[in-house]
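Beneath this line is the structure, given in structure tokens, with notes to follow.
Only heavy atoms go into these numbers, but all of them, side chains included; no hydrogens, no water, no symmetry mates. We count ligands from 1, going down the list as the structure has it; atoms in each ligand are counted the same way.
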Amino acid sequence: MSGINERSALSIAQRQFDATADAIGLDDSLRAVLREVKRELVVHFPVEMDDGSFRVFTGFRVQHNIARGPAKGGLRYHPAMTLDDARALAMYMTWKTAVADVPFGGAKGGVVCDPKALTITELERLTRRFTTEISLIVGPDRDIPAPDLGTGPQVMAWIMDTLSMHAGFSVPASVTGKPQSIGGSEGRFTGPGRGLTMVTVLAMRDAAMDPSGARVAIQGFGKVGGVCAELMTAEGMNVVAVSDSSCGLYRPEGLDLTALRHLKEEGGHFTDYGGAEQIDREQLLTLDVDVLVPAALEAQVTERNADRIRATVIAEGANAPLTTEADAMLNERGVLILPDILANAGGVVVSYFEWVQDIQAYFWGSGEVTSRLREVMTRSYQQVRGEAQSHDVTLRNAAFRIAVTKVAEATKVRGIYP
Ligand code: NAD
């Protein structure tokens with residue numbers, strides 16, 4: 001394969017794209033445009049540590065396609081972050097915004113760092129300097145960052161403030177996922193978990209499965225997994241297992257999610273918790289449950305553990321949590337897989353609502369946000385299901401068909417400049 005890493009995140013994303021392009025008969029020129037990212041910026045920048053020393057960090061911002069609107073996508077702070085990941089995730093964002101039909105393109109970025117190993121003041125300096133470095137290509141009409149792994153409302157607030165200081169006035173629409181006190185939206189924090197719960201309930205009912213009482217295991221207890229645990233419980237589902245980066249917790253009668261949320265708010269790890277059986281992180285994935293929600297990292301279900309998965313539904317909270325091989329093995333066994341570009345789109349949908357509210361300087365109540373989110377998630381799910389039925393393909397293939405067709409159409413109708 002001479003230098004090409006077939007297992008890289010980008011090559012997996014490109015293979016998925018190629019298969020879709022073949023299936024919909026996409027012409028060669030559009031195929032060549034859409035299988036590459038449009039723009040990528042790599043920055044190496046110094047940050048002063050609290051002890052007075054300097055460390056140089058590396059960060060990225062990648063824009064895959066902006067034919068349908070400004071680029072949109074999260075910023076990840078993680079020690080294993082790579083440019084290749086950013087490229088692949090930017091491409092997924094293009095497809096995700098198209099499936100949800102929000103007028104954005106796709107982007108992703110981040111900094112190679114362990115945010116837990118930095119003090120709050122170091123994290124602020126890192127964020128402000130990184131923002132300055134990528135300010136060349138981000139902004140409310142160009143590319144709007146949002147939270148992802150290792151980032152949250154505080155980081156978004158520093159980014160918004162830095163961009164605003166450069167502009168000389170407040171630019172709230174420059175990032176989403178901000179605190180509400182500076183133009184964040186009601187329901188943004190819960191958006192990804194809420195959208196995921198909505199799609200899971202819709203799909204289970206369609207498949208004649210009763211969500212009420214269904215046993216759920218969730219990998220990851222952050223912004224997606226933690227919220228999803230609470231909202232699935234509110235739907236009558238029984239969350240029996242969750243995990244974080246330290247370990248898994250299992251309690252067949254259902255977990256005390258309030259206690260776990262408090263533990264997390266106080267900075268604790270699941271290994272500190274005594275109210276449930278502690279299990280290996282990997283073991284969570286293969287528990288005897290009805291619904292598995294991988295909501296932590298990419299490539300968690302692979303050909304090594306796919307045959308041991310016992311869930312009948314997999315709702316992808318994380319981006320690309322299943323490898324291509326695992327996806328094929330699970331489809332073969334009839335597992336109902338709710339694909340990331342549909343299932344976790346609630347985050348970018350409420351981000352879109354936040355951006356619209358910031359531009360209009362007119363803010364909606366939480367009921368309005370939730371009902372508009374339900375409308376978008378239901379419409380998106382029904383379109384994907386309809387496409388899957390009419391072409392006899394999986395929900396993932398259907399979602400990709402819809403997304404690539406929309407983005408190809410927008411790219412084609414705009415034409416290639418000059
Ligand atoms: P987060 O940082 O808030 O939470 C991540 C969680 O995963 C934490 O609880 C962490 O302890 C846990 N974790 C890390 N490694 C683990 C491991 N090996 N095993 C088990 N748990 C582990 O991040 P998040 O925003 O919830 O994002 C999670 C995933 O969802 C990512 O793939 C992200 O790209 C995707 N996503 C996020 C959003 C969003 O708006 N936040 C939207 C769509 C998709």
Report, in ascending order of atom number, the atoms of ligand 1 lying under 4.0 Å from any heavy atom of Gln219. 19 (N), 20 (C)
Mind listing the closest non-hydrogen atom pair of Gly183 and Phe363 along with its distance? O-CE2, 3.7 Å
Is the distance from the ring center of Phe57 to that of Phe130 below 6.0 Å? no
Please state whether the rings of Trp95 and Phe17 are parallel, tilted or perpendicular, taking 30° and 60° as the class boundaries. parallel
In terms of side-chain geometry, is the basic nitrogen of Arg76 or Glu298 positioned less than 4.0 Å from the acidic oxygen of its partner? yes
Among protein heavy atoms, which lies nearest atom 10 (C) of ligand 1, and at what distance? Ser245 N, 4.0 Å
Contact partition for His78 relative to ligand 1, non-hydrogen atoms under 4.0 Å: neither
Would you check whether Glu316 reaches within less than 4.0 Å of ligand 1, judged by its heavy atoms? no
Looking only at N/O atoms, are Lys108 and ligand 1 under 3.5 Å apart anywhere? no
Quick one: are Leu292 and Gln219 in side-chain contact, heavy atoms under 4.5 Å? no
Quick one: which ligand 1 atoms are inside 4.0 Å of a heavy atom on Arg188? 40 (O)
Considering only non-hydrogen protein atoms, determine which one is nearest to atom 5 (C) of ligand 1 and report residue, atom name and distance to 0.1 Å. Leu149 CD2, 3.6 Å
Does Ala295, backbone or side chain, put an N or O under 3.5 Å from an N or O of ligand 1? no
I want to know if ligand 1 touches Leu297 in the polar sense, i.e. an N/O pair below 3.5 angstrom. no
Among all protein heavy atoms, pick out the one at the shortest distance from atom 31 (C) of ligand 1; state its residue, atom name and that distance to 0.1 Å. Ala296 O, 3.3 Å
Run the salt-bridge test on Arg39 and Asp143 with the 4.0 Å N-O cut-off and return the result as yes or no. no
Counting only nitrogen or oxygen atoms and a 3.5 angstrom limit, does Gly347 reach ligand 1? no
Check: Gln300 N/O within less than 3.5 Å of ligand 1 N/O: no
So which heavy atom in the protein is nearest atom 9 (O) of ligand 1, and how far is it from that ligand atom? Phe221 N, 3.0 Å
Less than 4.0 Å between a side-chain N and a carboxylate O, is that true for Glu48 and Arg125? no
Nearest heavy atom to atom 6 (C) of ligand 1: which of Gly222, Gly73, Ser243, Gly74 does it belong to? Gly222
I need the contact type for Lys223 against ligand 1. Using non-hydrogen atoms and a strict under-4.0 Å cut-off, is it side chain, backbone, both or neither? both
Using a 4.0 Å heavy-atom cut-off, which part of Pro192 comes near ligand 1: side chain, backbone, both, or neither? side chain
Nearest heavy atom to atom 33 (C) of ligand 1, choosing from Leu89, Val227, Asn344, Asp148, belongs to Asp148
Minimum heavy-atom distance Arg385-Leu395, with the two atoms named: CA-CD2, 3.9 Å
Residues Lys178 and Asp161 bridged, charged N to O under 4.0 Å: no
Based purely on interatomic distance, does Asp244 place a nitrogen or oxygen under 3.5 Å from a nitrogen or oxygen of ligand 1? yes
Salt bridge or not for Glu375 and Arg379, using N-O below 4.0 Å? no
Could you tell me the residue and atom name of the protein heavy atom closest to atom 37 (C) of ligand 1, and the distance to it rounded to 0.1 Å? Val224 CG2, 3.5 Å
Non-hydrogen atoms of Arg76 versus ligand 1: any pair closer than 4.0 Å? yes
Counting from 1 in the order shown, the ligand 1 atoms closer than 4.0 Å to a non-hydrogen atom of Gly150 are 2 (O)
Do the side chains of Glu122 and Arg55 get close enough for a salt bridge, i.e. N-O under 4.0 angstrom? no
Salt bridge (Lys or Arg N to Asp or Glu O under 4.0 Å) test vs Asp148 passes for just one of Lys72, Lys108, Lys223, namely Lys108
Are Leu249 and Gln278 side-chain neighbours, meaning at least one heavy-atom pair lies under 4.5 Å? yes
